[in-house]
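Each residue takes its place number in the sequence, starting with 1. Everything numeric in this text was worked out from a predicted model, so none of it was measured.
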Amino acid sequence: MALNATIYKLTINLSDFNQSRFNTIPLTLALHPSENSSRMLARVLAYCFHAHEALEFTKGLSTPECPDIWQKNLHGDITKWLEVGEPSFEKIKKACRRAEEVWIYSFNTKSDIWWQQNSKHYSELPAKVVQFDARPLQEFSEGITRTMELTVSIVDNEITLTAPHMSSSLYFHVLQ
């Protein structure tokens, strides 16, 4: 019997000073059985970086040919393709042909090694690559509950996360 996804309902109070974007976003997302809370939080942060009413979570890990998050225009064309993790070069190469913008958000402790091994290949593509600091992301993600209010503040290359019972800061690095 297959395990079911766990549903999370988050209210995000977003203050993105880099893009002058300030709003409250109600999010409902699923934690896939094979996904950990760090990856889910990385998806939430990627969503916050591109917050838009047409941005939506896909089935993600259940459908490997789709990104984690995408935005489509009224004609159904993919305008943004957001991938979380360390995707294969071939997947991103195909994504760059299908979408106007492709973003990769790397988040785990092995992402430095992944980038060292793959940066030469990715430099040939118009994809943008962002790396979140793994340790503070993991520590904060352990306290996420299924229903919670979360404040996300983005200033320069720092993200401050605040919830009723915890707070953390983490940095992100634009690799490409």
Side-chain angles (χ1 to χ4, degrees), residues 3-16 18-19 21 23-72 78-88 91-92 95 98-99 101-111 114-115 127-154 157-163 166 168-175:
L3 296 173
N4 292 326
T6 304
I7 304 300
Y8 284 76
K9 292 183 182 276
L10 306 176
T11 301
I12 309 289
N13 296 308
L14 176 64
S15 298
D16 184 345
N18 294 350
Q19 299 182 62
R21 189 180 304 157
N23 51 349
T24 300
I25 306 165
L27 282 183
T28 300
L29 66 154
L31 177 67
H32 191 274
S34 66
E35 181 178 37
N36 62 33
S37 60
S38 294
R39 187 177 191 287
M40 183 183 74
L41 181 57
R43 286 193 296 131
V44 169
L45 294 178
Y47 189 98
C48 289
F49 274 56
H50 301 274
H52 187 276
E53 64 269 1
L55 199 64
E56 61 184 350
F57 291 100
T58 67
K59 293 183 180 179
L61 294 173
S62 300
T63 53
E65 68 278 357
C66 290
D68 291 293
I69 304 167
W70 63 16
Q71 181 177 323
K72 293 183 176 184
I78 303 169
T79 57
K80 289 188 182 173
W81 178 294
L82 310 181
E83 196 72 45
V84 175
E86 289 78 37
S88 72
K91 181 175 185 178
I92 298 305
R98 293 183 61 196
E101 288 181 43
V102 175
W103 291 78
I104 301 166
Y105 290 91
S106 179
F107 67 92
N108 71 43
T109 56
K110 295 180 260 176
S111 63
W114 168 80
W115 185 243
K128 294 167 184 69
V129 183
V130 176
Q131 179 187 38
F132 295 128
D133 282 344
R135 189 164 322 290
L137 182 95
Q138 179 183 2
E139 289 170 0
F140 191 87
S141 72
E142 291 169 359
I144 293 178
T145 59
R146 292 184 57 191
T147 303
M148 74 183 305
E149 190 167 321
L150 178 64
T151 300
V152 177
S153 180
I154 304 168
N157 67 333
E158 183 177 8
I159 304 166
T160 302
L161 301 167
T162 308
M166 59 187 176
S168 182
S169 290
L170 65 104
Y171 290 92
F172 65 93
H173 314 279
V174 178
L175 301 177

Kindly compute the distance separating [atom1] ([X]) from [atom2] ([Y]), expressed to the nearest 0.5 Å.
| X | Y | atom1 | atom2 | result |
| --- | --- | --- | --- | --- |
| Tyr8 | Ile144 | OH | CD1 | 7.5 Å |
| Glu139 | Ser38 | CD | OG | 9.5 Å |
| Glu101 | His50 | CD | NE2 | 7.0 Å |
| Ser141 | Leu45 | OG | CG | 10.0 Å |
| Phe172 | Phe49 | CZ | CZ | 4.0 Å |
| Arg43 | Leu31 | CZ | CG | 7.0 Å |

Keeping [X] on the side-chain end and [Y] on the backbone end, is there a donor-acceptor pair under 3.5 Å?
| X | Y | value |
| --- | --- | --- |
| Asn157 | His173 | no |
| Thr151 | Asn13 | no |
| Thr58 | Pro67 | yes |
| Asp16 | Gln19 | yes |

Closest approach of [X] and [Y], non-hydrogen atoms and distance?
| X | Y | value |
| --- | --- | --- |
| Cys66 | Lys91 | O-NZ, 3.3 Å |
| Ala134 | Asn108 | CB-C, 3.6 Å |
| Ser111 | Gln131 | OG-NE2, 2.7 Å |
| Ile78 | Arg98 | CD1-NH2, 3.7 Å |
| Ile12 | Leu27 | CG1-CD1, 3.9 Å |
| Glu86 | Phe107 | OE2-N, 3.7 Å |

Report yes if the side chains of [X] and [Y] come closer than 4.5 Å at any heavy-atom pair, otherwise no.
| X | Y | answer |
| --- | --- | --- |
| Tyr105 | Ile69 | no |
| Leu161 | Leu41 | yes |
| Trp115 | Ser106 | no |
| Ile154 | Leu14 | yes |
| Ser169 | Phe140 | no |

* Asked: Can you list the residues that meet the ring pair (Phe, Tyr, Trp, His ring centres under 6.0 Å) rule with Tyr47, with sequence neighbours excluded?
  ->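 So Tyr47 forms a ring pair (Phe, Tyr, Trp, His ring centres under 6.0 Å) with Phe57.
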* Only one of Leu29, Thr6, Asp68, Val84 forms a side-chain contact (heavy atoms from CB on, under 4.5 Å) with Met40, so which one is it? ->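 Among Leu29, Thr6, Asp68, Val84, the one meeting side-chain contact (heavy atoms from CB on, under 4.5 Å) with Met40 is Leu29.
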Quiz question: by atom type and distance under 3.5 Å, do the side chains of [X] and [Y] form a donor-acceptor pair?
| X | Y | result |
| --- | --- | --- |
| Asn36 | Gln138 | no |
| Trp103 | Glu83 | no |
| Ser153 | Ser15 | no |

